[in-house]
Amino acid sequence: MSGTAGLLSSVGQSDRAMLAMAPRESTSTLRRILTANQLMAPACGVVLPRLDEIPGEHRFLADDQETIALAEILVESDTGAVEDWEKSRRDPTNYVSLTLRRWIRDHGGEAIGRRFDLDMTLSDRLVDYSDERGPEGTLYLIFDPDSAAFVLLNPTIELLGSVHPHLPATFFRHFVGSLNRWVRVYDYHDAEERVDMLREWYEDEENAEQYEVPDIEGCTPKCLQERTLSLRGLKDLHHRMRNKEVRVLVGSLLELCSISRQAKRPEFTEDMGEQLMDSNPPLPCLLAAFSSGDAVVGCFDDEAQTAMETTPHPNLIIPLQLAEPSSVREGFRTLAVACETLAAASRLIDLMPGNDDGVIAREEQR
């Protein structure tokens, strides 16, 4: 998660509810090489933690050699642009930052910024305030949300169900599944787990029957229990569709599915596990609810109150091994696929009826 206040901007105006998460304590011991400020968009939506009174930039000067090594690899591999070297005033940290910004812009940054409020950081460790860094010569690209995007599903489910009985469940499965390859989506399955946990807590209480839990089953459309189509089956159905609006929706979903599979998510290594052994689950990048204020939103709101009691696990960790230039090239390719997946998801949400309010209001100058 971001360690700089400059990355956490004010929430945009919207008619939907803002679900604030409890802030964690700030720290002055961040060991950050650089943070790419607001690479994606100003904040808007379901609000995640805010950190106050933290400087806008940190540089871990003891490891500047790693930044220099990374900058050199970026130039030699044509990942970075030569002209950015002059723009950076020949500063390796600034050059790497410019490269990250350019890379995201070229791989869907504008589309991402319409819906998602994300922070990407280059660091030598996974926990800001920890003295335990990763292996020597390893840097991490870390993806995390500053706030969760919000999508309403019921209008789309109703539209798809009017065309084919299996479309709603198929759409939900592939939409959420494609995003979950790269970032965390909070949906009714997460809410069901929350309800099961609440029931376990209440079992040993006196008068347990007096406790009410959110009715997830009641707000979940029954059509989601239908059999889902495979991607091949969905493609075949897409070719036969006559409803233009649904055809465009399904075509955009197929694009999302294709993009999300173009790279493999980096494996979670033993050294990552050691750094994150006491971490909470990742913060959601997207809250997928059926209607505004339904039981899924209620469970999200409930969980949000304790989400930051312990440092959350990053959504995506891309390790860069500086001794292996191929690792850096592969890492940036993986970053590109992750960005393009989010961009495709944003474009798809734009097409989904009932989601006009989820667009982030951008400021001309930050």
Side-chain angles (χ1 to χ4, degrees), residues 2-7 9 30-42 54-113 116 118-126 128 133-144 146 262-263 266 314 316-340 342-343 362-366:
S2 167
T4 60
L7 296 170
S9 58
L30 302 182
R31 309 293 289 236
R32 183 75 66 183
I33 289 182
L34 67 88
T35 303
N37 287 2
Q38 290 296 345
L39 291 171
M40 308 269 178
I54 297 180
E57 181 180 274
H58 292 265
R59 294 187 62 200
F60 188 26
L61 296 178
D63 273 348
D64 263 2
Q65 289 302 314
E66 292 184 336
T67 312
I68 294 171
L70 176 58
E72 184 177 356
I73 293 171
L74 293 176
V75 172
E76 292 179 347
S77 64
D78 292 328
T79 302
V82 175
E83 58 266 30
D84 283 343
W85 181 243
E86 293 300 326
K87 292 181 182 179
S88 71
R89 298 180 181 179
R90 306 189 177 214
D91 181 279
T93 299
N94 290 339
Y95 178 75
V96 173
S97 181
L98 285 173
T99 300
L100 290 173
R101 291 174 183 275
R102 179 187 292 272
W103 197 258
I104 289 176
R105 184 181 67 243
D106 292 346
H107 294 281
E110 183 176 355
I112 295 169
F116 294 93
L118 295 169
D119 164 33
M120 189 184 67
T121 303
L122 176 67
S123 179
D124 60 354
R125 66 203 64 211
L126 300 177
D128 287 339
R133 55 160 292 166
E136 185 176 355
T138 300
L139 299 177
Y140 301 103
L141 286 172
I142 303 168
F143 242 50
D144 256 331
D146 287 332
Q262 290 178 4
L316 177 62
I317 305 168
I318 303 176
L320 307 177
Q321 311 293 338
L322 300 181
E324 302 175 20
S326 61
S327 169
V328 175
R329 291 193 296 271
E330 182 63 25
F332 272 76
R333 177 178 178 272
T334 300
L335 172 62
V337 173
C339 289
E340 289 169 4
L342 288 162
R362 301 181 67 90
E363 298 178 10
E364 290 297 327
Q365 193 73 31
R366 295 194 56 80

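Numbers here simply count residues along the sequence, with the first being 1. It should be emphasised that the depicted structure is a prediction, and the values quoted were computed from it without experimental measurement.
- Separating the CD atom in E324 from the OG1 atom in T138 is a distance of 9.0 Å, to the nearest 0.5 Å.
- Panel note: side chain Y140, backbone T121; no donor-acceptor pair is recorded below 3.5 Å.
- Of all heavy-atom pairs spanning R102 and A81, the tightest one is NE-CB, 3.5 Å.
- L322 approaches E66 most closely through the heavy-atom pair CD1-O, 3.4 Å.
- For the residue pair R333 and A263, the shortest heavy atom distance occurs at NH1-CB, 3.8 Å.
- Rounded to the nearest 0.5 angstrom, L316 CG and I142 CD1 are separated by 9.5 Å.
- Taken to the nearest 0.5 Å, the CZ atom of R101 stands 10.0 Å off from the CG atom of N94.
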Side chain to side chain contact (heavy atoms under 4.5 Å, CB included) evaluation trace for L139 with L70: CA-CA 9 Å; L139 299 177; L70 176 58; 4.0 Å; yes
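- Going from atom CD of Q321 over to atom OG of S327 covers 5.0 Å, rounded to the nearest 0.5 Å.
- Across all their heavy atoms, V82 and Y95 have their closest contact at N-OH, 4.5 Å.
- If you take CD1 on I112 and CG on L342, they are separated by 5.0 Å, rounding to the nearest 0.5 Å.
- Among all heavy-atom pairs drawn from A323 and P325, the shortest one is O-CD, 3.6 Å.
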Residues F143, L335; criterion side chain to side chain contact (heavy atoms under 4.5 Å, CB included); working and verdict: CA-CA 9 Å; F143 242 50; L335 172 62; 3.5 Å; yes
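- More than 12 heavy atoms of other residues, nucleotides or ligands lie within 6.0 Å of CD in E83, so this atom counts as buried by the packing criterion.
- Side-chain N or O atoms of T334 include one that pairs as donor or acceptor with a backbone N or O of E330 at under 3.5 Å.
- Interatomic distance, OG1 of T99 versus CD1 of I104, reported as 11.5 Å (0.5 Å rounding).
- The side-chain heavy atoms of S88 and W85, taken from C-beta on, include a pair separated by under 4.5 Å.
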Trace of the side chain to side chain contact (heavy atoms under 4.5 Å, CB included) decision for L320 with I73: CA-CA 11 Å; L320 307 177; I73 293 171; over 6 Å; no
